[in-house]
Each structure stands twice: as C-alpha cells, then as structure tokens.
Amino acid sequence: MAEFKTILIDKKEGVTIITFNRPEQRNAMSPQLHRDMYAALNELRYDKETRVIILTGAGPSFCAGQDLKQYFLEMDSQPQSVRDEVRRLSKLWRNELIRTMPQPVIAMINGWCFGGGFTIVTASDIAIAAEDATFGLSEVNFGHFPGGEVTIVLTEHLQPKHGLFYALTGKTFTAKEAERIGLITKAVPRTDLEKETMAIAQDLVEKDPIALKAVKEAWYYTFYSPPEVAYEISGLISQRVTQQHGGRPGIQQFREKKYQPGLGAYKWEK
Ligand code: ACO
C-alpha cells in the first residue's frame, strides 16, 4: 500500500481503518487530503484483505470540514486547472467512491464534525459517533452556505425542518441529536466507540462479500432511479449474485440444517 501524507492506513483481520491524520488542523480537508483519499480508496477497492473500511480522525476531531485556508483562501489564487482537479477529487472520493466501494464503509465519528465533514458521514454506509462528538453546519457563521455537495447530500438525508434549521442557524448539535434526525446510525458512550464499531465491522467480515456489494448497489441504484428502472436493476443484480455463487449455497446450507439464516451468516467460500 502506498504511503500517504495526510491519512494513516491500518489493516487487521479484514478491517481496514483509514484515519484522517491532520490533528493539528482538526483533520480539515486540505487539497492533499483529497488526493490521498482518492488514491487510497481506489487502491483499497481491489484489495482482497479489505473487507470492511472504517473512517475516523486522529486527535479530538473527526473532520473540521474543508480546510478554510488551503481549500478556500489559497486555492483562490491557483490556476483554474488546479482548482478543477482538487474540486473534482474532493467530490469524487466522498460522493462517488465511498458509495461504489464493494466493501461496507463505516464512519466512526470520534469528535468535531463540521461542514464538508458531514458529506463523509452521509456517504458512509453506517455511521457511529461518540455521544460527546459535536456536529455543526457552520458555513453560515462565516457568511457562506453549505456549498459543494453539502446541501445536495443533506437534502437526501434530512427532513427540511431539521436540515434547514441547522444550515440557517449554524448551531452545533450532539451525536444524540444527530441520531434523532437520522444523520447517523447510532450514538454510543465514548468509551464504547471503538468496541461497538469494531463489533459491527467484525460482524460484516463474517458476511459474504458478494452479498454485501449487492446490498449497496441495490440500495443506491434504487434511491437514484425511478421505481421501474430500480426494479429491473435489482433483478439484474440478483441474477448476477446467483451466477457468481454458482447457485444458492446459503439456501442449500439452510436446507441441510447447517445454520439458521435468521440468526447469523452462512459459511461462504473464501
Ligand atoms: N480549516 C483550516 N484550519 C482549521 C480548520 C478548518 N476547517 N478547523 C480548525 N483548523 C485549525 C485552526 O486554524 C487551528 O490552527 P492553528 O493552530 O494553526 O491556529 C487548529 O486547527 C486548531 O483549531 P482550534 O480552533 O484552536 O481548535 P479547537 O479544538 O479549540 O476547536 C473547532 C475546533 C471547533 C473545529 C474550530 O477549529 C473550528 O471552528 N473550525 C472550523 C470548523 C468549520 O467551520 N468547518 C467548516 C468548513 S467549511 C466546509 O467544510 C464546506
């Protein structure tokens, strides 16, 4: 695996943890971080050892949003070609790559999460936060608005009375509130954050990767397609899954009374 300047990568027993590693800048997303994340995810999608990905932050912050100095002030004086490249990568890794990764992606929100940091949370398939993590759409506080993809993806995830309230007021909110409004999956005590996230990751490692990829594809295609197109796509994914398995081994094992599908995963061939 290549070495990166702004992120750390740690692989253990099928789980790959990517840590945003700019703690002095509260893991704000610099142009280099966008380049690193784009390259890392592109490499990991083909990595057979990576069956689940966890995204988290070093130090007291998950992600303080875009780097207000490097992504905005300094970029304003860069040539158009550089601005275009950085904007493109910034959008791609958060909005396209995470969703189309074959592996499930879990955001483990350990602290501050502001502005563009929300798009990492919304792009991830599962999001677990420490109860004392703080969220905020702070853009309005500095005379901007939740730009780029932030408003676009939030309108998919939040009810207007929740999303508009926080976008207009710039007020911070707790992980419990993030759970209530459906921004995250679950808020847990800080002391349990790693344990609970790893338990979910290990559970996913036990699942058939062909099925996990299909769940993600069906979910996102369904969301973005008209119902009749979604139905067709779902049918095609289903056919492909059966072909890839060479049949229905999970159902065969049920018939042979080898396990109970309601209570756990079948033994798939590694
Ligand atoms: N961009 C660039 N640098 C940042 C950012 C950021 N988004 N957030 C924090 N930093 C830097 C600070 O400039 C400071 O650097 P310095 O030590 O060189 O002065 C360092 O990180 C520590 O910041 P503090 O404010 O001292 O840290 P603290 O833990 O007290 O507060 C907090 C953290 C609340 C996150 C605060 O830094 C903050 O409000 N940051 C801005 C958050 C924000 O508004 N993000 C939205 C960006 S816009 C977008 O994403 C679309």
Side-chain angles (χ1 to χ4, degrees), residues 4-8 18-38 41 55-78 82-98 107-124 127 129-158 162-178 181 183-184 187 190 193:
F4 298 101
K5 294 194 180 100
T6 63
I7 57 176
L8 299 171
I18 304 181
T19 305
F20 307 124
N21 192 31
R22 304 184 72 224
E24 293 81 17
Q25 293 81 28
R26 303 299 181 259
N27 302 321
M29 296 180 284
S30 61
Q32 187 59 43
L33 187 137
H34 292 307
R35 292 188 183 103
D36 286 351
M37 282 304 295
Y38 181 75
L41 290 174
L55 304 176
T56 194
S61 182
F62 175 68
C63 175
Q66 295 287 10
D67 189 307
L68 291 170
K69 301 165 206 167
Q70 291 189 29
Y71 186 85
F72 290 111
L73 296 180
E74 291 172 25
M75 286 287 283
D76 286 345
S77 56
Q78 290 292 313
V82 176
R83 297 209 301 264
D84 285 350
E85 179 237 1
V86 171
R87 275 176 58 88
R88 193 175 69 84
L89 296 185
S90 155
K91 174 170 176 284
L92 279 178
W93 79 261
R94 288 174 299 149
N95 292 285
E96 199 175 302
L97 273 183
I98 292 182
M108 180 167 79
I109 303 144
N110 55 300
W112 303 115
C113 181
F114 283 100
F118 277 50
T119 60
I120 306 171
V121 177
T122 53
S124 298
E131 273 169 0
D132 59 355
T134 299
F135 295 77
L137 288 171
S138 51
E139 289 90 336
V140 74
N141 291 338
F142 50 89
H144 283 228
F145 73 102
E149 299 80 58
V150 187
T151 297
I152 302 166
V153 297
L154 284 180
T155 55
E156 287 167 18
H157 287 257
L158 299 182
H162 297 147
L164 272 169
F165 176 77
Y166 288 114
L168 286 168
T169 63
K171 276 182 185 296
T172 57
F173 55 96
T174 62
K176 270 279 167 212
E177 172 70 349
I181 65 177
L183 180 65
I184 63 168
R190 169 162 299 275
L193 179 65

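Just follow the structure's listing: the first ligand is 1, and inside any ligand the first atom is 1.
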Is the backbone N or O of [Y] less than 3.5 Å from a side-chain atom of [X], with the two atoms forming a donor-acceptor pair by type?
{"X": "D36", "Y": "T6", "answer": "yes"}
{"X": "D67", "Y": "M29", "answer": "no"}
{"X": "T19", "Y": "N21", "answer": "no"}
{"X": "S138", "Y": "N141", "answer": "no"}

Checklist line | Side-chain heavy-atom pair Q32, R22 within 4.5 angstrom cut-off | finding: no
Check: Do L168 and V140 come within less than 4.5 Å of each other through their side chains, counting heavy atoms only?
Finding: no
Quick test: of every protein heavy atom, which one is nearest to [atom], and how far off is it to 0.1 Å?
{"atom": "atom 48 (S) of ligand 1", "result": "F142 CZ, 3.5 Å"}
{"atom": "atom 46 (C) of ligand 1", "result": "S138 OG, 3.4 Å"}
{"atom": "atom 10 (N) of ligand 1", "result": "Q25 O, 3.6 Å"}
{"atom": "atom 33 (C) of ligand 1", "result": "W112 NE1, 3.4 Å"}
{"atom": "atom 23 (O) of ligand 1", "result": "R26 CG, 4.2 Å"}
{"atom": "atom 8 (N) of ligand 1", "result": "A64 CB, 3.5 Å"}
{"atom": "atom 1 (N) of ligand 1", "result": "L68 N, 2.8 Å"}
{"atom": "atom 17 (O) of ligand 1", "result": "E24 O, 4.5 Å"}

Item checked: Y71 to ligand 1, any heavy atom closer than 4.0 Å -> no
Note to self: Does atom CZ (F72) have a neighbourhood of more than 12 heavy atoms from anything else shown, all under 6.0 Å?
What the structure shows: yes
Next item on the list: Take atom CZ of R83 as the centre, draw a 6.0 Å sphere, and report whether it contains more than 12 heavy atoms from other residues, nucleotides or ligands.
Entry: yes
Run the numbers for me: atoms of ligand 1, each under 4.0 Å from some heavy atom of [X], listed by number.
{"X": "G65", "value": "50 (O)"}
{"X": "K69", "value": "13 (O), 15 (O)"}
{"X": "G115", "value": "50 (O)"}
{"X": "Q66", "value": "1 (N), 6 (C), 7 (N), 47 (C), 49 (C), 50 (O), 51 (C)"}

Item checked: For ligand 1, the portion of E139 having any non-hydrogen atom under 4.0 Å away -> side chain
Notebook entry, point to check: When the ring centroid of F114 is compared with that of F135, is the distance short of 6.0 Å?
Noted result: no
Next item on the list: Measure from the ring center of H157 to the ring center of F118 and say whether it is less than 6.0 Å.
Entry: no
Notebook entry, point to check: Do ligand 1 and V150 have nitrogen or oxygen atoms that lie under 3.5 Å from each other?
Noted result: no
Margin query: Is there a polar contact between ligand 1 and G116, counting only N or O atoms under 3.5 Å apart?
Written below: yes
Notebook entry, point to check: Does the protein put a heavy atom under 4.0 Å from atom 38 (C) of ligand 1?
Noted result: no
Notebook entry, point to check: Given the protein's heavy atoms, is any one of them under 4.0 Å from atom 25 (O) of ligand 1?
Noted result: no
Item checked: SB check R94 E149 (cutoff 4.0 Å) -> yes
